[in-house]
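Working notes, beginning with the structure itself.
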Amino acid sequence: PTLEPSLADWRRMIEINFFWLVNLCKLAIPGMSSASSARCVHITSEEGFNIPRGGDAPYSVVKGAANRLLGHLSSEFEGTALTIHAVLPGAIKSNMWLKIRDASEGVPGLERLRHWAKITGDRPDDPRKVGELIGKLIGNEFANKAHGKFIWAQEPERMEALG
């Protein structure tokens, strides 16, 4: 629930999922922007732009901020050799999935997360598609087409503008 995490939990989520991204961009992009071809690829989540439904506010809010940062960067580097991308991996059975599955069990208000964990457990998306998509981003034609976009790893033709 939104108000349940402590301020320390919120700070940790912001530090890990936003400030580290800002720091990495500040360190890497200045050198990348003078290259003849460069990619900034961030693995993100649909939770950053889904309609709020409760149960994952810190993660969702911070992913939204990270996605917005990438949207600003993509507008600033439009028409350059540096392309900015947000890759949505899909519902992957990962350590995070396992923690969500276990932590949401029996907790009132987290039914949606339990439902997501069940669907992911029953029909997980293919993590190899994330690597395949990142490989496609090496090519200038696809990267230019996908600049400033969310790209679904499981359906790479599905793209939406970074917000």
Side-chain angles (χ1 to χ4, degrees), residues 1-32 39-77 82-131 133-134 137 146-155 158-163:
T2 301
L3 299 178
E4 192 170 294
S6 68
L7 286 178
D9 291 337
W10 276 90
R11 281 187 190 99
R12 184 170 186 269
M13 187 67 69
I14 292 166
E15 182 72 31
I16 291 168
N17 287 290
F18 184 72
F19 286 134
W20 276 103
L21 175 61
V22 172
N23 190 44
L24 183 59
C25 289
K26 288 177 73 63
L27 290 170
I29 287 178
M32 295 169 71
R39 310 286 176 257
C40 175
V41 179
H42 178 66
I43 306 298
T44 189
S45 169
E46 287 186 77
E47 285 305 313
F49 60 83
N50 280 345
I51 295 169
R53 293 173 294 227
D56 59 358
Y59 182 76
S60 174
V61 167
V62 175
K63 285 297 188 179
N67 293 344
R68 189 62 139 184
L69 171 71
L70 295 172
H72 281 281
L73 288 170
S74 71
S75 69
E76 293 168 12
F77 288 96
L82 172 60
T83 60
I84 310 290
H85 312 279
V87 171
L88 298 151
I92 307 291
K93 282 178 80 171
S94 63
N95 287 336
M96 185 175 87
W97 165 80
L98 186 62
K99 287 179 184 179
I100 290 170
R101 185 197 69 185
D102 294 348
S104 65
E105 189 60 41
V107 179
L110 299 184
E111 292 81 9
R112 186 177 65 80
L113 293 177
R114 278 195 302 283
H115 178 71
W116 172 83
K118 168 129 180 52
I119 289 170
T120 301
D122 292 345
R123 294 185 312 270
D125 284 326
D126 186 352
R128 293 173 296 191
K129 293 196 180 228
V130 178
L133 173 57
I134 292 170
L137 287 169
H147 172 74
K149 303 276 193 316
F150 292 106
I151 315 160
W152 278 258
Q154 306 302 317
E155 306 170 65
R158 181 178 172 198
M159 296 182 211
E160 187 173 317
L162 282 165

Inset, instruction - Find out whether Arg158 and Ile151 are in side-chain contact, i.e. whether some heavy atom of one side chain is under 4.5 Å from a heavy atom of the other. - result: no
Give every donor-acceptor pair under 3.5 Å between a side-chain atom in residues 6-21 and any protein atom, sequence neighbours left out.
residue: Ser6; atom: OG; partner: Ala8; partner atom: N; Å: 3.3
residue: Ser6; atom: OG; partner: Asp9; partner atom: N; Å: 3.0
residue: Ser6; atom: OG; partner: Asp9; partner atom: OD2; Å: 3.3
residue: Asp9; atom: OD2; partner: Ser6; partner atom: N; Å: 3.3

Inset, instruction - For Glu160 and Lys149, indicate whether the former's side chain and the latter's backbone hold a donor-acceptor pair under 3.5 Å. - result: no
Inset, instruction - State whether the side chain of Glu105 and the backbone N or O of Arg114 hold a donor-acceptor pair below 3.5 Å, judged by distance alone. - result: no
Legend entry - Interatomic spacing from CZ in Arg39 to CD1 in Ile134 - rounded to 0.5 Å: 12.5 Å
Inset, instruction - Please identify each residue that fulfils salt bridge (charged side-chain N to carboxylate O under 4.0 Å, His left out) with Asp102, with sequence neighbours left out. - result: none
Legend entry - Spatial distance of atom CD1 (Ile43) from atom NZ (Lys63) [nearest 0.5 Å]: 9.0 Å
Inset, instruction - Apply side chain to side chain contact (heavy atoms under 4.5 Å, CB included) to the pair Leu137 and Val87, showing each step before the final yes or no. - result: CA-CA 10 Å; Leu137 287 169; Val87 171; 4.3 Å; yes
Inset, instruction - Mind listing the closest non-hydrogen atom pair of Cys40 and Leu82 along with its distance? - result: N-CD1, 4.1 Å
Inset, instruction - Please name the pair of heavy atoms, one in Cys25 and one in Leu73, separated by the smallest distance, quoted to 0.1 Å. - result: SG-CD1, 3.8 Å
Legend entry - Closest approach of Gly71 to Leu162 (non-hydrogen atoms, all atoms of both residues): CA-CB, 3.6 Å
Inset, instruction - Using modelled atom types only, decide if a donor and an acceptor are shared between the side chain of Arg123 and the backbone of Ala91 within a distance under 3.5 Å. - result: no
Inset, instruction - Measure the CH2-CD distance between Trp152 and Glu46 for me, rounded to the nearest 0.5 Å. - result: 5.5 Å
Inset, instruction - Can you see which heavy atom on Pro89 is nearest to which on Thr44, and at what distance? - result: CD-O, 3.2 Å
Inset, instruction - Measure across Asn67 and Ser45 and return the closest heavy-atom pair with its distance rounded to 0.1 Å. - result: ND2-O, 3.9 Å
Legend entry - Distance, nearest 0.5 Å, that separates CG of Leu113 from OH of Tyr59: 11.0 Å
Show me the side-chain donor-acceptor pairs of residues 92-99 shorter than 3.5 Å, one per line, residues at least two apart or across chains.
residue: Ser94; atom: OG; partner: Met96; partner atom: N; Å: 3.3
residue: Ser94; atom: OG; partner: Trp97; partner atom: N; Å: 3.2
residue: Trp97; atom: NE1; partner: Ala117; partner atom: O; Å: 2.9

Inset, instruction - Specify the closest pair of heavy atoms between His42 and Ala66, including all atoms of both residues, with the distance to one decimal. - result: NE2-CB, 4.2 Å
